[in-house]
Amino acid sequence: MPELPEVETTLRGIEPYLVNRKIKRLIVRNGSLRWPVPEQLPALMAGQRILALERRAKYLLLKLASGTAILHLGMSGNLRIVEPQTPVGKHDHVDLLVQGGKLLRFNDPRRFGCLLWHSGPGQHSLLVGLGPEPLSASFDGELLYQRSRGRKAPVKTFIMDNKVVVGVGNIYANEALFGAGVRPARAAGQISLDRYRRLADEIKDVLTRAIAQGGTTLKDFVGGDGKPGYFKQQLQVYGRAGLACPVCQRSLTEVRLGQRSTVFCKSCQR
DNA sequence: CGCTGACCCTGACGGC
DNA sequence: TGCCGTCAGGGTCAGC
């Protein structure tokens, strides 16, 4: 469900209710996520003030004085701000009750998400070795070009590799490759600098536009404020296999690359 | 080191 | 109505 724009949308939605408030209580109903939620986490977090909320890749970071809570939404997770008396539903695994009466509720049917803790110097091991943020100045076509030399994996797999650049998930990888006119299955190492410049620009553009629309709601994504994202209407290829290419009208083709559904136009993408 | 596929889990959907 | 296979926006890890 959440790619970078959806995580960013979530962050912006919940931030005003959390930053500079004290945590009253952390309630873990089901700590059996991607990795177990640390047993001592409720004790570690209770009573502390939330200093800041940040995003790194698709991780949300809750900064406290004594450490950082690291949250990932996986494929199906979402975070909502609700009233404390809101009835607990299926897959509502974690609640964070804050000063001022609001409640941050984590729901995740598939439980591919995680909630971890890091304190002390340096970064949590999950964050070490991540590539640059796609919307930062340190990400550009030159970086993609240099990192791809000699690599035979499909360019789509390459741009979805978090060690190369973070935050490019399946939807937006498909969209950016279409926008750049690059065929997803082409070997990453055989693509020119010019084309990588265009691809990097497209990645930035599609992510920026998706954030402006509040993300993409395919089934049930909602931001922290409970509203869906409206970017779905602007998707050019993702989820449109067999339908007409928006540019040339030819039928869009679907293949699988790295176990991910991949949709492209055989005439517009080379 | 790079690449591929299995795997974690629930739910929705289509075919029979 | 139910059963079965397939697929889904994420990422890690083992094995070659």
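A, B, ... follow the sequence lines: proteins, then strands. Residue 1 opens every chain. What you see is a predicted model; the values in this text were computed from it and never measured.
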Can you list, pair by pair, the side-chain donor-acceptor contacts under 3.5 Å of residues 174-189 of chain A, counting residues two or more places apart and other chains?
from, atom 1, to, atom 2, distance (Å)
A:N174, OD1, A:V263, N, 3.0
A:N174, ND2, A:N170, O, 2.8
A:N174, ND2, A:S261, O, 3.4
A:E175, OE1, A:Q236, N, 2.7
A:E175, OE2, A:Q236, N, 3.3
A:E175, OE2, A:V237, N, 2.9
A:E175, OE2, A:Y238, N, 2.8
A:R183, NE, A:Q269, O, 2.9
A:R183, NH2, A:K266, O, 2.9
A:R186, NH2, A:Q190, O, 2.9

List, one per line, each side-chain donor-acceptor pair under 3.5 Å for residues 16-29 of chain A, sequence neighbours excluded.
from, atom 1, to, atom 2, distance (Å)
A:R29, NH1, A:D92, O, 2.6
A:R29, NH2, A:D95, OD2, 2.5

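No continuous path of ILVMFWY side-chain contacts below 4.5 Å connects A:V166 to A:M160, so the two sit in separate hydrophobic clusters. No continuous path of hydrophobic side-chain contacts links A:V98 to A:L103 [ILVMFWY only; heavy atoms under 4.5 Å]. No continuous path of hydrophobic side-chain contacts links A:V37 to A:L97 [ILVMFWY only; heavy atoms under 4.5 Å]. Follow the hydrophobic side-chain contacts under 4.5 Å out from A:L64 and you never reach A:L116; the two are in separate clusters.
The nearest whole Å value for the distance from the CZ atom in A:R240 to the C1' atom in C:dA8 is 19 Å. Protein atom CD of A:E6 is 14 Å distant from nucleotide atom C1' of C:dA8, rounded to whole Å. Distance CD (A:E3) to P (C:dG9): 8 Å, rounded to an integer number of Å. Taking atom CE of residue A:M75 and atom P of nucleotide C:dC7, one finds them 13 Å apart after rounding to whole Å. The distance from atom CG of A:D161 to atom P of C:dC13 is 14 Å, rounded to the nearest whole Å. Between the CD atom of A:Q190 and the P atom of B:dG2 there is a distance of 17 Å, given to the nearest Å. Atoms CG (A:N170) and P (C:dG10) sit 6 Å apart, rounded to a whole Å. Atoms CZ (A:R56) and C1' (C:dG11) sit 15 Å apart, rounded to a whole Å.
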Starting from the C-alpha separation in whole Å, work towards a yes-or-no answer on side-chain contact (heavy atoms from CB on, under 4.5 Å) for A:L144 and A:V164. CA-CA 7 Å; A:L144 287 180; A:V164 175; 3.9 Å; yes
Assess whether side-chain contact (heavy atoms from CB on, under 4.5 Å) is satisfied between A:F231 and A:R209, documenting all intermediate values. CA-CA 8 Å; A:F231 195 68; A:R209 287 188 293 118; 3.8 Å; yes
Would A:D194 and A:R197 count as a salt bridge (Lys or Arg N to Asp or Glu O under 4.0 Å) if you check the C-alpha gap in whole Å, the side-chain angles of each, and the deciding distance to 0.1 Å? CA-CA 5 Å; A:D194 268 1; A:R197 285 194 174 122; 3.4 Å; yes
Identify all pairs in which a protein N or O lies below 3.5 Å from an N or O of nucleotides 3-7 of chain B, and state each distance.
from, atom 1, to, atom 2, distance (Å)
B:dC3, OP1, A:K152, N, 2.5
B:dC3, OP1, A:A153, N, 3.0
B:dC3, OP2, A:R151, NE, 2.8
B:dC3, OP2, A:R151, NH2, 2.9
B:dG5, N7, A:Q259, OE1, 3.2
B:dA6, N7, A:Q259, NE2, 3.0

Can you give me the N/O atom pairs linking the protein to nucleotides 9-13 of chain B at distances under 3.5 Å, or say none if there are none?
from, atom 1, to, atom 2, distance (Å)
B:dC9, O4', A:R110, O, 3.4
B:dC9, O3', A:R111, NH2, 2.7
B:dC9, O2, A:R110, NE, 2.8
B:dC9, N3, A:R110, NH2, 3.3
B:dT10, OP1, A:R111, NH2, 2.8
B:dT10, O4', A:P109, O, 3.4
B:dT10, O3', A:H91, NE2, 3.1
B:dG11, OP1, A:K90, NZ, 3.1
B:dG11, OP1, A:H91, NE2, 2.7

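Side-chain atoms of A:P246 and A:R240, non-hydrogen and from C-beta on, do get closer than 4.5 Å to each other.
Only the P atoms considered, C:dC13 is 15 Å distant from B:dC9, to the nearest whole Å. For B:dG5 and C:dC7, the P atoms lie 14 Å apart once the distance is rounded to whole Å.
OP1 or OP2 of C:dG10 has not a single side-chain nitrogen or oxygen of A:H72 nearer than 4.0 Å. Note on A:R260: a side-chain N or O is less than 4.0 Å away from OP1 or OP2 of C:dG10. Between A:N162 and the phosphate of C:dG11, there is a side-chain N or O to OP1/OP2 separation shorter than 4.0 Å.
Pairs of residues two or more places apart, or lying in two chains, that qualify as ring pair (Phe, Tyr, Trp, His ring centres under 6.0 Å) and include a residue from residues 100-136 of chain A are A:H118-A:H124.
Nucleic acid contact class of A:Y238 (heavy atoms, under 4.0 Å, all strands): sugar-phosphate only.
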Annotated structure of DNA chain B as dot-bracket, pair cut-off 3.5 Å, Watson-Crick or G-U only, | for inter-strand, is .|||||||.|||||||
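Under a cut-off of 6.0 angstrom, the local environment of CD in A:E39 is sparse, with at most 12 non-hydrogen atoms contributed by other residues, nucleotides or ligands.
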